[in-house]
Amino acid sequence: MVKFKSKRIDFNGNFPKNPVLKEFLMQSGFFRNLSRTYLDLERYKIEGNSGHSFHTHAYKKVDSVLATQLIEAATEHVWKEKRRYLGCYRALVELMLNTNNHASPLQIGEKHWWLSVQTDEKNKKVCFSFVDYGVGIFNSLMTKPRGNKFFGAIGTMFARYNYKNDAELLKLILSGELHKTVTKQHFRGKGLPGIFNAFQRNQISNLHIVSNNVFADVTNNRYEMLNNSFEGTFVYWEITDSNSFLKD
């Protein structure tokens, strides 16, 4: 919506068939903001409908201050007090950094990241939806220039693991095998493996990833190929009172 309106491009669409998702779209503030005029800016903040706790932020750089503020608000909602929560903080910062460094093969910091946060009063959880419309995980790896440490990494990974498709490759990436193969060292909590590690340590829940031609329901260990490719990367997770905040 913002991108098209800032470029003065007409567009239309329809509602999700799923009534729950339709209600989410209504609550998100999408239609309330549809009438706004948008300029092509580096930063955006979009509020949800009055009475509904959807908030969306967009930026091109890493914003550790915003990450801290959002996590403090989330922990206050879940545990009734503001808490330092490094697992979720690292996930946010790593995704912001990935967008800044890898979303565009042509220029660092060219693409926005978009982060929507929803507080769910009924289920006592906070939902994080992070998306960038860059080239996506696998296209990014395929276009690394000579001299980059990940240049040729796809071929090296295939020779070593003989994986069947990109769904299996994503599972290897999350487990840190790509970083280990390229650098000969453990991933040290960075990037997607760092987010997966936060999930394994019960610091975040219900982790899902969509990128290029792969859908991953990490919680249920489902990694599937998509019929239609998504241009970019989408990551979703939740924090609830069943998550641990003591294992940072």
Side-chain angles (χ1 to χ4, degrees), residues 42-48 53-103 108-109 111-121 123-134 137 140 170 173-176 178-179 185-211 216-219 232-248:
E42 189 173 65
R43 178 165 225 147
Y44 299 97
K45 180 180 180 181
I46 302 174
E47 299 290 345
S53 48
F54 277 88
H55 304 280
T56 298
H57 300 265
Y59 196 28
K60 293 184 177 181
K61 301 177 182 178
V62 175
D63 191 338
S64 58
V65 174
L66 174 64
T68 299
Q69 292 172 343
L70 293 176
I71 290 167
E72 285 182 349
T75 56
E76 188 171 27
H77 173 77
V78 174
W79 290 291
K80 306 307 178 186
E81 61 178 304
K82 295 179 181 179
R83 293 178 174 178
R84 188 165 175 260
Y85 199 62
L86 290 181
C88 190
Y89 175 84
R90 287 170 180 157
L92 286 175
V93 170
E94 288 297 331
L95 289 170
M96 293 175 183
L97 189 63
N98 281 351
T99 302
N100 185 265
N101 292 346
H102 306 298
I108 290 178
K111 299 291 185 178
H112 284 92
W113 51 256
W114 292 84
L115 171 64
S116 291
V117 182
Q118 179 207 4
T119 53
D120 185 336
E121 297 288 346
N123 298 298
K124 296 182 179 179
K125 65 182 180 181
V126 180
C127 311
F128 293 82
S129 301
F130 188 103
V131 63
D132 73 65
Y133 297 102
I137 296 170
S140 176
L170 178 58
I173 291 173
L174 290 177
S175 66
L178 172 65
H179 186 93
Q185 298 177 349
H186 194 257
F187 64 85
R188 297 176 298 179
K190 300 296 184 180
L192 288 172
I195 297 170
F196 180 63
N197 184 247
F199 167 76
Q200 288 182 308
R201 298 173 71 181
N202 192 36
Q203 295 174 320
I204 60 175
S205 300
N206 205 17
L207 178 62
H208 287 68
I209 301 171
V210 180
S211 191
D217 174 357
V218 181
T219 302
T233 301
F234 173 85
V235 183
Y236 173 90
W237 71 91
E238 302 167 355
I239 60 172
T240 72
D241 59 4
S242 64
N243 289 125
S244 170
F245 63 94
L246 297 175
K247 297 180 180 180
D248 291 318

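Quick note: residue numbers are just sequence positions, from 1.
The CG atom of N98 sits 8.0 Å away from atom CD1 of I137, with the distance rounded to the nearest 0.5 Å. Taken to the nearest 0.5 Å, the OG1 atom of T75 stands 6.5 Å off from the CD1 atom of I239. Rounded to the nearest 0.5 Å, atoms CD (Q203) and OH (Y89) are 14.5 Å apart. In this structure, CZ on F234 lies 10.5 Å from CD1 on I209, to the nearest 0.5 angstrom. Of the inter-residue distances, the one linking I71 atom CD1 with R90 atom CZ reads 11.0 Å to the nearest 0.5 angstrom. Atom CE of M96 and atom NE2 of H112 lie 13.0 Å apart (nearest 0.5 Å).
A distance-only check finds a donor-acceptor pair linking the side chain of D132 to the backbone of G134 [under 3.5 Å]. The backbone N or O of G232 sits less than 3.5 Å from a side-chain atom of S211, completing a donor-acceptor pair. The backbone N or O of T56 sits nowhere less than 3.5 Å from a side-chain atom of S116 that would complete a donor-acceptor pair. The closest donor-acceptor contact from the side chain of Y236 to the backbone of V210 lies at 3.5 Å or more, if one exists at all. H77 places no side-chain N or O within 3.5 Å of a backbone atom of K124 that could act as its donor or acceptor partner. One N or O on the side chain of N100 and one on the backbone of K60 form a donor-acceptor pair closer than 3.5 Å.
T240 places none of its side-chain heavy atoms less than 4.5 Å from the side chain of N123. Between V218 and F199, the closest side-chain pair of non-hydrogen atoms falls below 4.5 Å. Contact of the L92 side chain with the W237 side chain is registered, since non-hydrogen atoms from C-beta on lie closer than 4.5 Å.
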Please report the C-alpha distance between W114 and Y133 in whole Å, then the side-chain angles of each, then the deciding distance to 0.1 Å, and finally whether the ring pair (Phe, Tyr, Trp, His ring centres under 6.0 Å) criterion is met. CA-CA 9 Å; W114 292 84; Y133 297 102; 7.6 Å; no
Just do the side-chain contact (heavy atoms from CB on, under 4.5 Å) check on E42 and Y59 with the steps written out, would you? CA-CA 6 Å; E42 189 173 65; Y59 196 28; 3.7 Å; yes
In sequence, state the C-alpha distance, the side-chain angles, and the governing distance for T99 and V62, and then conclude on side-chain contact (heavy atoms from CB on, under 4.5 Å). CA-CA 9 Å; T99 302; V62 175; over 6 Å; no
Derivation and outcome, side-chain contact (heavy atoms from CB on, under 4.5 Å), residues H57 and L70: CA-CA 10 Å; H57 300 265; L70 293 176; 4.0 Å; yes
Go through I204 and F128 one step at a time and tell me if the side-chain contact (heavy atoms from CB on, under 4.5 Å) criterion holds. CA-CA 10 Å; I204 60 175; F128 293 82; over 6 Å; no
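For the salt bridge (charged side-chain N to carboxylate O under 4.0 Å, His left out) test, no residue two or more places apart in sequence or in another chain qualifies with K80.
The closest side-chain donor-acceptor pair between N243 and S205 falls under 3.5 angstrom.
In this structure, A91 and I195 approach most closely via the heavy-atom pair CA-CG1, 3.8 Å. Residue A198 comes nearest to G87 through the heavy atom pair CB-O, 4.0 Å, listed as atom of the first residue, atom of the second, then distance.
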